[in-house]
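Throughout, a chain's letter reflects where its sequence line sits, starting with A, and its residues are numbered from 1.
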Amino acid sequence: MSGIFSVYVGNAPFQTTEEELGNFFSSIGQINNVRIVCDRETGRPRGFAFIEFAEEGSAQRAVEQMNGAEFNGRPLRVNLANK
DNA sequence: AATGAGCGC
């Protein structure tokens, strides 16, 4: 309904930054936000993130085109968020 | 400093 279409990105390297992920997905469509999920207590990244696209089609293309894509040596898991 | 499947203050 509302205009945020979140994509789950798993299997990311622990040193990945939100900027790097935004760059990697920027060709897909307009990104409104990137959030790397960190452990609440230690603050360390948990190795996955959410990318919020402005349009639903972008989110779907992200899944189709980027699931399994190599990112800094690791195949990303990309799926629509909120299973 | 470290970890490796996972769906988030």
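- Between the CZ atom of A/Arg77 and the P atom of B/dG4 there is a distance of 15 Å, given to the nearest Å.
- Here the C1' atom of nucleotide B/dG4 and the OH atom of A/Tyr8 are 10 Å apart, to the nearest Å.
- In the hydrophobic clustering of this structure, A/Val78 groups with A/Leu80; members are Ile, Leu, Val, Met, Phe, Trp, Tyr whose side-chain heavy atoms approach within less than 4.5 Å, directly or through other members.
- Under the 4.5 Å side-chain contact rule for hydrophobic residues, A/Leu21 and A/Phe48 do not share a cluster.
- Here A/Gly47 lies in heavy-atom contact (under 4.0 Å) with a base.
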- Item | A/Gln30 and A/Phe53: CA distance, side-chain angles, deciding distance, side chain to side chain contact (heavy atoms under 4.5 Å, CB included) verdict | CA-CA 6 Å; A/Gln30 188 185 338; A/Phe53 287 98; over 6 Å; no

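- Cluster membership for A/Val63 and A/Phe71, using ILVMFWY side-chain heavy atoms within less than 4.5 angstrom, is shared.
- For the pair A/Gln15 CD and B/dA2 C1', the computed distance is 13 Å after rounding to whole Å.
- Both A/Arg35 and A/Arg44 sit near DNA chain B, but only A/Arg44 has its closest nucleotide nearer the 5' end.
- The distance from atom CG of A/Asp39 to atom P of B/dA2 is 15 Å, rounded to the nearest whole Å.
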- Candidate pair A/Arg74 and A/Asn11, rule side chain to side chain donor-acceptor pair (under 3.5 Å), full reasoning: CA-CA 7 Å; A/Arg74 298 193 135 242; A/Asn11 204 37; 2.5 Å; yes

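- Using a 4.0 Å heavy-atom cutoff across all strands shown, A/Arg74 reaches at least one base atom of the nucleic acid.
- Listed candidates were B/dG6, B/dG8, B/dG4. Nearest to the side chain of A/Asn11 is B/dG4.
- Considering only the side chain of A/Arg46, B/dG6 comes nearest among B/dG6, B/dG4, B/dC9.
- Ring stacking is absent between A/Phe48 and B/dG6, as the pair misses the limits of under 5.5 Å between centres and under 30 degrees between planes.
- Between the side-chain ring of A/Phe14 and the base of B/dT3, a stacking contact exists by the 5.5 Å and 30° definition.
- Among the protein residues, A/Leu80 comes within range of the nucleic acid bases, having at least one heavy atom under 4.0 Å from a base atom.
- In this structure, the CD atom of A/Glu41 is 12 Å from the P atom of B/dC9, given to the nearest Å.
- For the pair A/Glu18 CD and B/dG8 C1', the computed distance is 11 Å after rounding to whole Å.
- If you measure from atom CG of A/Asn79 to atom C1' of B/dA5, you get 14 Å, rounded to the nearest angstrom.
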